[in-house]
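To keep things clear, I will list the structure first and then write my remarks on it.
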Amino acid sequence: MNKYMLYLNSKRCIGCHGCEVHCKTNKRLPEGPLLCEISHEPLKMVGGVPKTEFQFRSCYHCEEPYCVPVCPTGAMQKRADGIVFVEQEKCIGCMACVGACPWGVPQHNPATGKVVKCDYCLDRVDAGLKPACVTRCTTHALKFVTLTEL
Amino acid sequence: MTTRSVWSMCGMCTVRCPIRVETEGDEVTWIEGNPHLLEGALCAKGSAGMALLKDEERPLSPMIRKGGRGAGRWERVSWYAALDYVADKLNAIIKEHGPESIMMSCRGGPFMDLIKAFCHAVGSPNFSNHDSACGRNVHHASLSVYGLGRKDFVYDLKKCKHLILFGRNILASLRPAEVNQVMDMLDAGGTMTYVDVRQTLTGIKADRFFLVTPGTDYALALGMIHEVIKQGVYDQEFIDRYVADFDKLVAFVEPYTADWAAKECGVKADRIKEFVTEIGSQRPKVVFHPGWMLSRYRDSFYASRALHILNVLMGNVEVEGGQIFAKGAGDCGVKGIRSLDAQVPKPTAKRADGVGWKYQHFDKGPGLFHLFYDAMLTGEPYPLKALICMRHDPFTCFPDPQAQKEALDKLDLLVSVDTHYSEFGWYSDVILPESTFLERDSIIATQKGPKPRFIKRNKAIAPMHDTKSLYEIIKQLADRLGVGQYFPGSSIEELWAWQLEPTGFSLKDFDAKGFISLTDKPVMFDRNHLDGKFKTPSGKIEMVSGKLTEAGLESLKPYESPEKPPKGHFRLVFGRSPVHAHSHTVNNPLLYELMPENTLWINKRQAARLGVNDGDLVDVGVCGCSGTIKAHLTEFIHPEAVYMAHGFGRQVPLQSRAYHAGMADQKLMKGMLQEMDPAGGGLNLCECFVTVRRSAKNPKRMVEL
Ligand code: SF4
Ligand code: SF4
Ligand code: SF4
Ligand code: SF4
């Protein structure tokens, strides 16, 4: 059972792309890999105002991840609390997981030659903190939800 | 390795958010908004400060020009050599032409005291900043109505019921604290009305959107004033008490009916009328934002003035959910911090930009930068010989860099103090590299508001390269120029202690939260006793400004329709994206990745007429000057206008990412350097008309092998 979830209050999100950079700087990622993404549909007229809302996407931390079984070294793992993460020491950069994930979520990190993906900032979560993207979200639109709370 | 936590202030844009930084050894590992003020919130640019630190495409040591100006041949030198060079030149200039021939400018903001003090200590009155290409119209409009500057009020957006924005793209030109107030207000059921020539990040959150004909903001504001008076939804009591010449306003707006405004602006009259009815039921918690960057149209000063007047009609002064007097230390019963500038004798020479003598109605503070170019060219009232720009890039901020260069060629010394390569820096004689905000301390500043505070920037790590803080640079130059006595102490810690001494606080008081709060509860004046608070000649809120009248200028200026774009032309408008702080960040690796170039927004129907498809390259031109940029087609921009984000099209070769990426609007503004609103002092930057053509550079074939 997944314990956590990232939830975006799209009414509050202003599409400033802060979360994308918060995530990258927290993981010291170079140009290239992007572990979460803010996107929007084209603007549409709603009651005389051209409108759209923003969506946030990172890894889905699938109940049955496609990326885990294909990993030849066991670097890609799913924890008991549902977090799917790459153990950097074990990753050999074969990119098998990238091909297996239907959404192309795992990314190549040119700085290490290994794979990097959203891991819900597990080091922070384990230290009792919120993920980087949530902590620094410009408008506090992004929430880290513990599912039992729902 | 030990982890340290440092209170500081972001410096990626001029908002200067309070932040908390974590370091491990000499590495910055974490930046977040100060939890006590921002609950961690930080924007993309703030986070990308970590990439700025690591970026080596910024000046890493002092540089002195070798070849011709702008040729890009530099010699890296030591700080001793660079500062001696600058000081020797300045001393020679002072000897021959007097200290007033030196000019200094900056980006404005809370640390200006240091720069102003340096300029005045050297003996020159010619201190300036970028504001004539930004908020001067708003500031002067505020002075003409209240006798108070634009920063003498803060807006209680969180508690307001209706926020009206005229082209103020408040969620993209973002200030995190303010953005959160707006979102809280919307969450609580508040209303937002957005007026612009295009739809923006802000407008998509609005409840009402007026897509107006470019250049007609003043007409819409006049129509609203007319309708407010006609429907009788103004605060009669407040007006009786504090406003002078209300009857003149009433007579003046008589012809400017909602129906008239609707026609002029291209909106529906009924929508103006129902809007006014709505705000009538919400006042006084209604805020008309008077504008921020309002150096736009010929009548932007008057548009801003009309917005200030609408606030007065709402009676929103010093009420919750309205505009609140910005309180300082004195209002909390605390002595203010010591000012460096206040210790320096005021230079007696008159300002070379004419402000204070030729132009009596303008605020003397930073004067008007663009007017100095005239003085450079003519040598009147006296020759200017040196310009030091501190984190200010006039070539990006003002129109027509070529014309600026011609004027600057009359000067013997151009110095750029900056964290990145500015276009001005590239043309200058000496680049003095300032440390990034993570590597530098800044003087203590007062942040005014209902709950004022003292705050300062503390360096998180020692400079990674041979750079210095502005404090160190100014102190060491001042010593060399023989005016070091005006910068007390031998370190920033000693200066901080000196600044703080009269307040009764000590440096330790910053430790808990990174700032010193001067009050627990918001300080509010008694709204029934505001007499004496308005600093106009009459002491009242002036519908007819005594100062403007004295200068022979109108206060209630009859409306004139904007120029229509000539056949085949569009009006060029520009603005901001949330991921860049104008040109400052375009070369930042992480922000460049998010937005590597700007595009030209053009109305779909117009594009179809021109045979332009989305993503096509188009040539955008104006009399002999043109550039190429990708087209972005949208229904939601007025057909008369085209738009691009400001700050792109940079031409500093050492910025490999930003070099020639996208296009620069200001370079198309040929001959517009002196096009200023004579009443407001702001430049008319959106009075530029351009042609748009599908570019011949679009690929026609693709040969492989
Ligand atoms: S930082 Fe927050 S407000 Fe900004 S885009 Fe991300 S989720 Fe939206
Ligand atoms: S990487 Fe893809 S497959 Fe693996 S958990 Fe995330 S979304 Fe699922
Ligand atoms: S939870 Fe962490 S890793 Fe995942 S997107 Fe947010 S910041 Fe990135
Ligand atoms: S708005 Fe962003 S870049 Fe500007 S000071 Fe605040 S965090 Fe820094």
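Numbered from 1 within each chain, the chains take letters A, B, ... in sequence-line order.
- For Ala141(A), no part lies near chain B; criterion is any non-hydrogen pair under 4.5 Å.
- Taking 4.5 Å as the limit, some side-chain heavy atom of Met12(B) sits within range of a side-chain heavy atom of Phe437(B).
- The structure places CD1 of Ile38(A) at 7.0 Å from CG of Leu142(A), a figure rounded to the nearest 0.5 Å.
- In this structure, Ile164(B) and Phe210(B) have side chains that are not in contact, with every pair of non-hydrogen atoms separated by 4.5 Å or more.
- The ring-ring contact (aromatic ring centres under 6.0 Å, His included) search around Phe56(A) returns none, not counting sequence neighbours.
- Within the 4.5 angstrom heavy-atom criterion, only backbone atoms of Cys137(A) (N, CA, C, O) approach chain B.
- For Met50(B), the part lying under 4.5 angstrom from a heavy atom of chain A is the side chain only.
- Residues Pro72(A) and Ile92(A) meet the side-chain proximity criterion, which asks for heavy atoms closer than 4.5 Å.
- Applying the side chain to side chain contact (heavy atoms under 4.5 Å, CB included) rule to Cys265(B) yields the partners Val212(B), Thr216(B), Ala219(B), Leu220(B), Val267(B); only residues at least two apart in sequence or on another chain are considered.
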Between chain A and chain B, which donor-acceptor atom pairs come closer than 3.5 Å, counting both backbone and side-chain atoms?
from: Ile31(B); atom 1: O; to: Arg136(A); atom 2: NE; distance (Å): 2.9
from: Ile31(B); atom 1: O; to: Arg136(A); atom 2: NH1; distance (Å): 3.3
from: Leu38(B); atom 1: O; to: His140(A); atom 2: NE2; distance (Å): 3.3
from: Leu42(B); atom 1: N; to: Arg136(A); atom 2: O; distance (Å): 3.0
from: Leu42(B); atom 1: O; to: His22(A); atom 2: NE2; distance (Å): 3.0
from: Leu42(B); atom 1: O; to: Thr138(A); atom 2: OG1; distance (Å): 3.0
from: Ser47(B); atom 1: OG; to: His22(A); atom 2: ND1; distance (Å): 2.6
from: Ser47(B); atom 1: OG; to: Arg136(A); atom 2: NH1; distance (Å): 2.5
from: Asn180(B); atom 1: OD1; to: Arg12(A); atom 2: NH2; distance (Å): 3.1
from: Asn180(B); atom 1: ND2; to: Thr138(A); atom 2: O; distance (Å): 2.8
from: Asp184(B); atom 1: OD1; to: Arg12(A); atom 2: NH1; distance (Å): 2.8
from: Asp184(B); atom 1: OD1; to: Arg12(A); atom 2: NH2; distance (Å): 2.8
from: Asp187(B); atom 1: OD2; to: Arg12(A); atom 2: NH1; distance (Å): 2.7
from: Gln199(B); atom 1: NE2; to: Pro50(A); atom 2: O; distance (Å): 2.8
from: Ile204(B); atom 1: O; to: Lys51(A); atom 2: NZ; distance (Å): 3.1
from: Lys205(B); atom 1: NZ; to: Ser10(A); atom 2: O; distance (Å): 3.2
from: Lys205(B); atom 1: NZ; to: Lys11(A); atom 2: O; distance (Å): 3.1
from: Lys205(B); atom 1: NZ; to: Cys13(A); atom 2: O; distance (Å): 2.7
from: Ala206(B); atom 1: O; to: Lys51(A); atom 2: NZ; distance (Å): 2.8
from: Glu593(B); atom 1: OE1; to: Lys24(A); atom 2: NZ; distance (Å): 2.6
from: Glu593(B); atom 1: OE2; to: Lys24(A); atom 2: NZ; distance (Å): 3.1
from: Glu593(B); atom 1: OE2; to: Gly32(A); atom 2: N; distance (Å): 2.5

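- Of the listed residues (Val182(B), Leu38(B), Leu594(B)), the greatest number of heavy-atom pairs within a distance under 4.5 Å of chain A belongs to Leu594(B).
- Ranked by non-hydrogen atom pairs under 4.5 Å with chain A, the options Leu211(B), Ile31(B), Leu186(B), Val28(B) are led by Ile31(B).
- Neither the backbone nor the side chain of Cys133(A) comes within less than 4.5 Å of any heavy atom in chain B.
- Note that CD1 of Ile170(B) is 5.5 Å distant from CG of Leu163(B), once rounded to the nearest 0.5 Å.
- With values rounded to the nearest 0.5 angstrom, Leu591(B) atom CG is found 8.0 Å from Cys43(B) atom SG.
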